[in-house]
2 protein chains.
Amino acid sequence: MPSVDTTDARILLALDDDPDATVLGLAGTLGLARNTVHARLRRLRESGALGAPSRRVDPAALGYPLLALVTLSISQSQTAETTAGIAGIPEVVEVLATTGDGDLLARVVARDTRDLHRVGNLVLAVPGVLRSSTVIVLEEVLPATVVPLLQRAARG
Amino acid sequence: MPSVDTTDARILLALDDDPDATVLGLAGTLGLARNTVHARLRRLRESGALGAPSRRVDPAALGYPLLALVTLSISQSQTAETTAGIAGIPEVVEVLATTGDGDLLARVVARDTRDLHRVGNLVLAVPGVLRSSTVIVLEEVLPATVVPLLQRAARG
DNA sequence: GGCAAGGTTGAGCACCGTGCTCAACGCCGG
DNA sequence: CCGGCGTTGAGCACGGTGCTCAACCTTGCC
């Protein structure tokens, strides 16, 4: 079912290893023809498996060194407006809807703890937000990666 | 204090809007000289504000359509081995160390709910893991973005 | 007021990667 | 046995890159 086969996985692995690698370079290191890599990359992009390259901007460099996770319980009657309100807060950089006692998980950045408190109040002020629970992220133990999944796919 | 000024923010915004934009194109749309954009991008990259372009691979296309969040309490005596063990599980795609009653938050993908159960047991089997609480992500309400922060920085 | 420094700008340069097309080859399934 | 599909090598025009240089304008300082 996975639309990516062994060769695709190897290409994606090599690309993850060196995001700036050129199609020509990939073909060389993988022992494939340039056209093959080109065609497969095009298929991966069109199938949606490979998203547009996202330029990662470090929030810390923008003056927001603090990262926190805010679990939210929201009123079930007006979820759309509530989620929109939360997503509209600039410091909220990601929102996930989840099962469980919390309904939303928001990833929030802040300039410092005082600023985090301010943002927390902003979130609580959004209509429909019932409760919120904030934890501070101390360390990114494992940065987001799909490499192990790709390695498994590469072995077939 | 932020090492990025108004012009930097505008460049990063344009780059976020079109990740495949060329230096030449950016210079055109922003009304800057090619050399200027070039120099600032180099500084941003060297300062670490702009990370290497990460090719986003959709886990769903790899056969892992399910995303879950696992909150973990771990024994404080052997945190290093425990976190390493958790990070070593292929389905674990991200791990954050947090304050609060849970010590770790793991982002986990799975093929289906049965598979998620299996992965949950894998996590629990890691020495040092005391408790775990799993919630399933129903929807990405707001995909990760720093655009609002950049817009604020762009206005100065 | 004048001076030095840093950022910006325009120009020019050689190099290389891109996206594409074409034709030929090999493999697998019908 | 034959048709289709993916791979491969070749070739081609185009354009972006990274770099250097010199000139300019601002900013801050003496």
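FYI, side chains are in, hydrogens and waters are out, and symmetry mates aren't considered; it's all heavy atoms of this structure. Proteins come first, then strands; the chains are lettered A, B, ... in the order of their sequence lines, and each starts at number 1.
The two residues B:G128 and B:Q78 have their closest heavy-atom pair at CA-NE2, 3.6 Å.
Spacing between atom CG of B:L32 and atom C1' of C:dT9 amounts to 10 Å, rounded to whole angstrom units. Rounded to whole Å, atom C1' of C:dG7 lies 14 Å from atom CG of B:L44. One interatomic measurement links the two molecules: CG of B:L41 to P of C:dG7, which rounds to 15 Å at whole-angstrom precision.
Taking OG1 of B:T6 as the start and CD1 of B:I11 as the end, the distance is 11.0 Å to the nearest 0.5 Å.
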Please tabulate, one pair per line, all N/O donor-acceptor pairs under 3.5 Å involving side-chain atoms of residues 56-77 of chain B, not counting sequence neighbours.
from: B:R56; atom 1: NE; to: A:A52; atom 2: O; distance (Å): 3.3
from: B:D58; atom 1: OD1; to: B:A60; atom 2: N; distance (Å): 3.1
from: B:Y64; atom 1: OH; to: A:R152; atom 2: NH1; distance (Å): 3.0
from: B:Y64; atom 1: OH; to: B:R111; atom 2: NH2; distance (Å): 3.1
from: B:S73; atom 1: OG; to: B:D101; atom 2: O; distance (Å): 3.3
from: B:S73; atom 1: OG; to: B:R131; atom 2: NH2; distance (Å): 3.1
from: B:S75; atom 1: OG; to: B:S77; atom 2: N; distance (Å): 3.4
from: B:S75; atom 1: OG; to: B:S77; atom 2: OG; distance (Å): 3.0

Readout for nucleotides 17-27 of chain C: B = base within 4.0 Å of protein heavy atom, S = sugar-phosphate only, - = neither; 5' to 3' it is SBBBB------
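A:E91 has its side chain out of reach of A:L116: every pair of non-hydrogen atoms, C-beta onward, lies at least 4.5 Å apart.
Side-chain N/O atoms of B:S47 and B:S3 include no donor and acceptor closer than 3.5 Å.
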